[in-house]
2 protein chains.
Amino acid sequence: MFTALADGTRRAVVDQLAHHPATASELAVRAPVSRQAIVKHLGVLEAAGLVTGERDGRRVVYRFTPEPLRDAAEWMGVVGAEWDERLARLRTLMQR
Amino acid sequence: MFTALADGTRRAVVDQLAHHPATASELAVRAPVSRQAIVKHLGVLEAAGLVTGERDGRRVVYRFTPEPLRDAAEWMGVVGAEWDERLARLRTLMQR
DNA sequence: ATAATCTGCAACCATGCAGTTGCACATGGA
DNA sequence: TCCATGTGCAACTGCATGGTTGCAGATTAT
C-alpha cells in the first residue's frame, strides 16, 4: 500500500484515475514517461488493490478502487491515537 | 511521507516509538537488523518529520511526531472523496 | 485483405536503497 | 585515569525498481 503510493508518478496516476477511468496509453500522454512505465506502475497499483483493469475490445480501461486506503488510514489512526486526539477519532470512524 | 512509511522495518520502528521513546540501539535489539540499519531508517523518518531525535548525554532518544500523518490522511481523503463517503468525512475531519 | 492502433512481453540499463562491517569519536562510571 | 558503552561516519555489497527500447500479437477501421 504505502509502497504503491510512495512513487510520485504512481500518485499522479491515482489522481488521474480518481477523476475518470483511462487506459495506460491515455495516461502516458499526460505523464512525462513512456507508456511502458505507466503499464508497470498500473501493475503495482493493481497488485496493491488500488486500481482494477478491465478489457474493452482493443483497450484496457483502468479504474480507481479506494478500498485499501481505509486500511492505511486505520493503521495511521492506531499508531497516532495516543498522540493526537483527532487521529484517535479517525480511528473510531474507520472501525465503524 | 509515503516513501518513509513504505518500508516495513520503518513502520515497525514507528510502531515502537508510538508506544515509548527509544534510542537506535534499543530499537536495534528488538529488530532483526543491525543498529546502523536502524540509524539510517531513523534518518529517513526524521527527514519525513515523523520522528525527532534529542540528545541526552551519551544517548540519543527518538520520539514519534505524528503531524505528517495528517497530510497523508488529507491526500487520501481528497483522492477518495468521490468514491467513498467515509473518506469524504475523513477529509472534512482533517481540514478542521 | 491490409493498414493502423493498441496492448503485452522481454531484455537491458542505471540508480537508489536496505543492509552489513569496520573503525573512530564522545560520554559516563569505576 | 581507564574502561565500557553508545553514537557517528564511511565504504562496500546485493537487490529492487523506475525507466527505456524493440518487437510481437490482437483488434478495429478502411
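These numbers come from a predicted model, not from an experiment. The sequence lines fix the lettering, A, B, ..., with proteins before strands; numbering per chain opens at 1.
The CD1-P distance, from A:Ile38 to D:dG18, rounds to 12 Å in whole Å. Following rounding to the nearest Å, B:His41 (NE2) and C:dA18 (C1') show an atom-to-atom distance of 6 Å. When the C1' atom of C:dA18 is taken as reference, atom CG of B:Leu5 falls 16 Å away, rounded to whole Å. The CZ atom of B:Arg59 sits 16 Å away from the C1' atom of D:dA4 (whole-angstrom rounding). Put simply, CD on B:Glu54 is 17 Å from C1' on D:dG6, counting in whole angstrom units. Distance CG (B:Asp7) to P (D:dC15): 17 Å, rounded to an integer number of Å. Across the protein-nucleic acid pair, B:Asp56 atom CG and C:dA26 atom C1' stand 14 Å apart, rounded to whole Å. Atom CG of B:Leu27 and atom P of C:dG19 are 14 Å apart (whole Å).
Heavy-atom minimum distance, A:Gly53 versus A:Glu46: N-OE2, 3.1 Å. Closest approach of B:Phe2 and A:Leu5 over heavy atoms only: CB-O, 3.5 Å. Contact between B:Met1 and B:Pro68 at its shortest, heavy atoms only, is SD-CB, 3.6 Å.
Connection of A:Val60 to A:Val14 is established within a shared hydrophobic cluster, with ILVMFWY side chains joined at heavy-atom distances below 4.5 Å, either directly or through further cluster members. One hydrophobic cluster, built from ILVMFWY side chains closer than 4.5 Å, cannot hold both A:Val33 and A:Val39; they sit in different ones.
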Reading 5' to 3' through nucleotides 20-27 of chain D, protein heavy-atom contacts under 4.0 Å coded B for base, S for sugar-phosphate only, - for none: BBB----B
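Where B:Glu26 and A:Val44 meet DNA chain D, the nucleotide closest to each residue was compared, and B:Glu26 sits on the side nearer the 5' end. Where B:Ala24 and A:Thr3 each meet DNA chain D at their nearest nucleotide, the meeting point lying more 5' is that of B:Ala24.
Closest to the side chain of B:Thr9, from the set D:dG6, C:dG19, D:dG8, is C:dG19.
Two residues are said to be in side-chain contact when any heavy atoms from C-beta on lie closer than 4.5 Å; A:Asp15 and A:Phe64 fail this criterion.
Screening B:Thr52, B:Val13, B:Leu42 against B:Tyr62 for a side chain to side chain contact (heavy atoms under 4.5 Å, CB included) leaves a single residue, B:Leu42.
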